[in-house]
Structures are given as structure tokens and as C-alpha cells.
Amino acid sequence: MSAFTLPLFDATDASRVGPKMANLAALARAGLPTPGGFCVTADAYRKQIAHLGLADMVRQYAKAEQPAQRRFAVEIRLKFYQEALAPDLFDDVLAAWRAEQKPAAVRSSALIEDRADSNFAGQFESFLGIDREDEFLTSLRACWAALWTTTARRSMVQHGHSPADTAMAVLVQPLVAARAAGGGLSETADGQMLISATWGLGSTIAQGEVVPDRVVLSRQGFVRSNEAGRKHHRETCDHAAGVAGPSPQAVPAALVRAPCLKASEATTLGRLMRKAESALGMPVEIEWALDDGGFKLLQARPLHVQPASVPDEIWLKHPGLNGHPAGIGWGSGRAVVVNCECELTRVAPGDILVTRGKM
């Protein structure tokens, strides 16, 4: 498209578009279904840094003490939020935006995101249901600024990174009118595949607002189990009705505990995960959405699979529990049952939080 934007199919250079976008481009090139879209490259971020006169501050950040780093980060974020884009950058990104299908999803694609050693899932920004130019420009600036938030900076320090040494690209995709959405693992520690699913957009899973369905498949794609979750509401975008952005809707009572995917649909998605695995050359964690046209793969990141290593004394001492884990892997610690937010103060580092899903 230009020096600052690339169509999805051409966004293969992770050093310009970030691994998130490059992985999605690899899926598209392998013939897998994606929503399409375009990328605002990291060159645009660097251009805006220079336009705002922030280059010296970014250089000083790397050598500064923590209080000065906090001040620099706030000033950089405010500049991104408040100032207009560089004129040539403004023209390029708006030309790409005007050619894009609306409404759209605008998502961060940091150069350090979705790597094999650090994925930073949920640390940056995503905006759904973007329809107007002013909304797009605001979400673009917010994605750039997200590289400098306190949460992101803390995560970067833990992985040996600094916002001063990297950059932010931004992914723009047509928003899928999802009937159902969720995530998936192409391989689990016990040699299976796993799908999570909910009605509407997948953001309700990311925010912990629903208990998603949990579908276990063999590596050959055969459904082993399909445990229905509890999905009392869903997020949808209904621009035809004049509703701006995602909005919650109550799920009909008959669907709250009904599986989102038929066995045949789960098998189809399982096969897509295996193809994504082949395209990227490694096990993958995906995000997906299902609309009237079929499945769309929204994201694929590297997945490290390690065999479960649980001391026998843990199994011998405690009965097995069934539920929806909040993460992948194994651990041991003091179990703390929490029935209300007011009890969270009882949870200490190293404890295992046990709670009920929303009823």
C-alpha cells in the first residue's frame, strides 16, 4: 500500500509488523481463512515518535531511574493521545482505512508480542466495532500508547525488554459478525487438542465474563468431549441497528448451557488448527470466530507444550477436581476458595485460587 501500511497477505516481515501480524499473514498465504485487513507498520510508530519530538525522551528512558521512567512513560502516552498524526502518515493510514470493510477491529501488534519466549497476551490494546475515521485514529494512537502503560512496562521488564528498544505495529481487520468465537490449542500436554467457545464475540472469554464451552479433540480431530459452559450473555456488534461498538445481549435461556459448536464444526476447527500448526511449524494457540461464511482464524501464537510432571504425592494426597483452569500447566500450592471479591485479600503469592464461575 505505502511506506506505512501493508495488506495482510504482504505483512510477512515480523521486524516491521510484529509476530502477531506475520503469523496471520503466514496463515493467509497457506490458504487458511482469515478476515483479511491491513497493517499499520512499526515504521508509522517511529515516524510519529519523530514527529512528536519524542526521540530524545525515548533514548533517555533506557538509562533513567524508575521514577523518571514513569514520568517519561506518562508524557509519551499523553503525546500519543493528544497530538495529531504526521501529515504524510495521516494521509497514508486514512487511505488504507477508507478502503477497508467496516466495522473493523483495531489491534496492537508489538514487535515483541507473540514470540516463542514471550507472548504478552492481553497486555496491549484491542478495539472492536470501529466504524468512523475519528474512532480509527483514536484507537490507532491508543495502540501506540499501549506500549508505554505501567502494566506493559512491568511485563517487558520481566522478559528483559524495554519499550524504548521496540516499536508497535497495528492490525486492522474487518470485524467478524461472529455467531460463536473462542480460542484453541493445537496440542495439549496430554496429546489432545482443546477448543474454548462462547456465543458472539470472544471478548467475553478474555474478560472472564462467561464460563466457555470446553471441547477436547484427539490429534486426528475426533471429538472426545464437549462440556457446555454457562454463557448468560454475549457481545455483538449491531451497526445495522445504529449501535456503535460491541454491546452485551442476554443469551436465550435455551442456549445458556447449550454447546456453541456441533461435533462436525469442532472437527473442522480442529483440522484448521492442525493446518495452522503446519503453516507455522510449531504447536499453536489460536483465536477464532464463526460467522455465516464459516470459521475465520483471528490469531495464532507459538505454544510451548511440556509433558505434565506432577509428583505422585500430590495425586495420592488430594482427590482430582474438574473445572475450567485459568492457565496452562501444572502447579502446587495452598488452595484458597474465594466466594466473593471481598475475600481476595486472603489469596497470597503461590496460592491456588478456586472459585465458582458466574451462574
Checklist entry - Tell me the salt bridge (charged side-chain N to carboxylate O under 4.0 Å, His left out) pairs involving residues 59-69, sequence neighbours left out? => result Asp56-Arg59
Item to check | Polar side-chain atom of Gln48 near backbone of Ala84 as donor-acceptor pair, under 3.5 Å | outcome: yes
Item to check | Residues forming a ring-ring contact (aromatic ring centres under 6.0 Å, His included) with Phe295, sequence neighbours excluded | outcome: Trp288
Next on the checklist: Applying side chain to side chain donor-acceptor pair (under 3.5 Å), can you list everything that pairs with Glu133, at least two apart in sequence or on another chain?
Outcome noted: Arg98
Next on the checklist: My understanding is that only residues two or more places apart in sequence, or in another chain, count here; which of them pass side chain to side chain donor-acceptor pair (under 3.5 Å) with Arg154?
Outcome noted: none
Next on the checklist: Please enumerate all residues that pass ring-ring contact (aromatic ring centres under 6.0 Å, His included) together with Tyr61, with sequence neighbours excluded.
Outcome noted: Trp148
Checklist entry - Taking all atoms of both residues into account, what is the closest heavy-atom pair of Val40 and Ala44, and its distance? => result CG1-CB, 3.5 Å
Checklist entry - Under 4.5 Å between side-chain heavy atoms, hopping through other hydrophobics if needed: is there a path connecting Leu89 to Phe38? => result yes
Checklist entry - Is the side chain of Thr41 donor-acceptor paired with the backbone N or O of Asp43 at a distance under 3.5 Å, no angle test? => result yes
Item to check | Asp213/Lys231 salt bridge by N-O under 4.0 Å criterion | outcome: yes
Next on the checklist: If I compare all heavy atoms of His233 with all of Pro248, which pair ends up nearest, and what's the gap?
Outcome noted: CD2-CB, 4.2 Å
Checklist entry - Would Glu235 and Ser203 count as having a side-chain donor-acceptor pair, cut-off 3.5 Å? => result no
Item to check | side-chain contact (heavy atoms from CB on, under 4.5 Å), paired with Val216, selected from Asp190, Thr188, Leu194 | outcome: Leu194
Checklist outcome for this item: So salt bridge (charged side-chain N to carboxylate O under 4.0 Å, His left out) across residues 21-37, not counting sequence neighbours, yields Asp10-Arg29
Next on the checklist: Quick one: does any side-chain atom of Thr355 pair with a main-chain N or O of Val338 as donor and acceptor, under 3.5 Å?
Outcome noted: yes
Checklist entry - Quick one: does Glu100's side chain get under 4.5 Å of Phe136's, heavy atoms only? => result no
Next on the checklist: Please enumerate all residues that pass side chain to side chain donor-acceptor pair (under 3.5 Å) together with Asp291, with sequence neighbours excluded.
Outcome noted: Lys296
Checklist entry - Just by modelled atom types, is the Trp97 backbone N or O under 3.5 Å from a matching donor or acceptor in the Lys102 side chain? => result yes
Next on the checklist: Would the distance check show the side chain of Asp165 and the main-chain N or O of Ser162 forming a donor-acceptor pair, the cut-off being under 3.5 Å?
Outcome noted: no
Item to check | Reported CD-to-CD distance for the pair Glu285 and Gln299, which is rounded to 0.5 angstrom | outcome: 8.0 Å
Item to check | Pairing residues for Asp292 by the side chain to side chain donor-acceptor pair (under 3.5 Å) criterion, not counting sequence neighbours | outcome: none
Checklist entry - Out of curiosity, Ile49 CD1 to Arg46 CZ, how far, rounded to the nearest 0.5 Å? => result 10.0 Å
Checklist entry - Are any non-hydrogen side-chain atoms of Glu209 and Thr198 less than 4.5 angstrom apart? => result no
Item to check | Audit row: Glu113, Arg301, salt bridge (charged side-chain N to carboxylate O under 4.0 Å, His left out) steps and yes/no | outcome: CA-CA 9 Å; Glu113 195 173 359; Arg301 62 172 67 95; 5.9 Å; no
Item to check | side chain to side chain contact (heavy atoms under 4.5 Å, CB included) evaluation trace for Ser109 with Met168 | outcome: CA-CA 6 Å; Ser109 183; Met168 177 70 78; 5.6 Å; no
Next on the checklist: Please tell me whether Tyr81 and Ile76 are part of a single hydrophobic cluster in this structure, the criterion being side-chain heavy atoms less than 4.5 Å apart.
Outcome noted: no
Checklist entry - Between the main-chain N or O of Cys143 and the side-chain N or O of Ser108, is there a donor-acceptor pair closer than 3.5 Å? => result no
Item to check | Partners meeting salt bridge (Lys or Arg N to Asp or Glu O under 4.0 Å) with Arg274 (sequence neighbours left out) | outcome: Glu277
Next on the checklist: Applying a strict under-4.5 Å side-chain criterion to I, L, V, M, F, W and Y, I'd like to know whether Val106 and Leu85 cluster together.
Outcome noted: yes
Checklist entry - Okay, side chain of Asp351, backbone of Leu353: is any donor-acceptor separation there less than 3.5 Å? => result no
Next on the checklist: I need the minimum non-hydrogen distance between Ala335 and Val354, along with the two atoms involved.
Outcome noted: CB-CG2, 4.4 Å
Item to check | Heavy-atom check, side chain of Met273 versus side chain of Ile195, under 4.5 Å | outcome: yes
Checklist outcome for this item: Minimal heavy-atom distance between Ala146 and Ala152, with the atoms involved, is O-CB, 3.5 Å
Checklist entry - Are Leu27 and Leu290 connected in the hydrophobic side-chain network, where two residues link if heavy atoms are under 4.5 Å apart? => result yes
Checklist entry - What heavy-atom pair brings Leu147 and Met156 nearest, and what distance separates the two atoms? => result O-CE, 3.1 Å
Item to check | Test salt bridge (Lys or Arg N to Asp or Glu O under 4.0 Å) applied to Lys47 - qualifying residues, sequence neighbours left out | outcome: Asp88
Next on the checklist: Checking Trp199 now: which residues fulfil ring-ring contact (aromatic ring centres under 6.0 Å, His included) with it, not counting sequence neighbours?
Outcome noted: none
Checklist outcome for this item: To the nearest 0.5 Å, atom CG of Leu298 lies from atom CG of Leu24 at 8.0 Å
Checklist entry - Around atom CZ of Phe222, are there more than 12 heavy atoms of other residues, nucleotides or ligands at under 6.0 Å? => result no
Checklist entry - Any donor-acceptor pair under 3.5 Å linking the side chain of Glu265 with the backbone of Leu261? => result no
Checklist entry - CG/Asn23 to CG/Leu297 distance, rounded to the nearest 0.5 angstrom? => result 12.0 Å
Checklist entry - Does Phe80 offer a backbone N or O that forms a donor-acceptor pair with the side chain of Arg141 under 3.5 Å? => result yes
Checklist outcome for this item: Rounded to the nearest 0.5 Å, the CG atom of Leu269 sits from the OG atom of Ser186 at a distance of 11.0 Å
Item to check | Minimum-distance pair of heavy atoms, taken over all atoms of Leu8 and Ala25 | outcome: O-CB, 3.2 Å
Next on the checklist: Looking at Arg132 and Glu135, is any side-chain nitrogen of the basic one under 4.0 Å from a carboxylate oxygen of the acidic one?
Outcome noted: yes
Checklist entry - So Glu75 and Arg71, salt bridge (charged side-chain N to carboxylate O under 4.0 Å, His left out) or not? Walk me through it. => result CA-CA 6 Å; Glu75 290 184 27; Arg71 178 169 55 82; 3.5 Å; yes
Next on the checklist: For Pro163, is there any backbone N or O sitting under 3.5 Å from a side-chain donor or acceptor partner on Thr166?
Outcome noted: no
Checklist entry - Do we see a donor-acceptor contact under 3.5 Å between the side chains of Gln69 and Arg153? => result no
Next on the checklist: If the condition is ring-ring contact (aromatic ring centres under 6.0 Å, His included), which residues does Phe4 pass it with, not counting sequence neighbours?
Outcome noted: none
Checklist entry - Do Leu272 and Val223 belong to the same hydrophobic cluster, where Ile, Leu, Val, Met, Phe, Trp and Tyr are linked whenever their side-chain heavy atoms lie under 4.5 Å apart, directly or via other members? => result yes
Checklist entry - To the nearest 0.5 Å, how far apart are CG in Leu171 and NZ in Lys20? => result 7.0 Å
Checklist entry - Would you say Met193 and Glu187 make side-chain contact, with heavy atoms under 4.5 Å? => result no
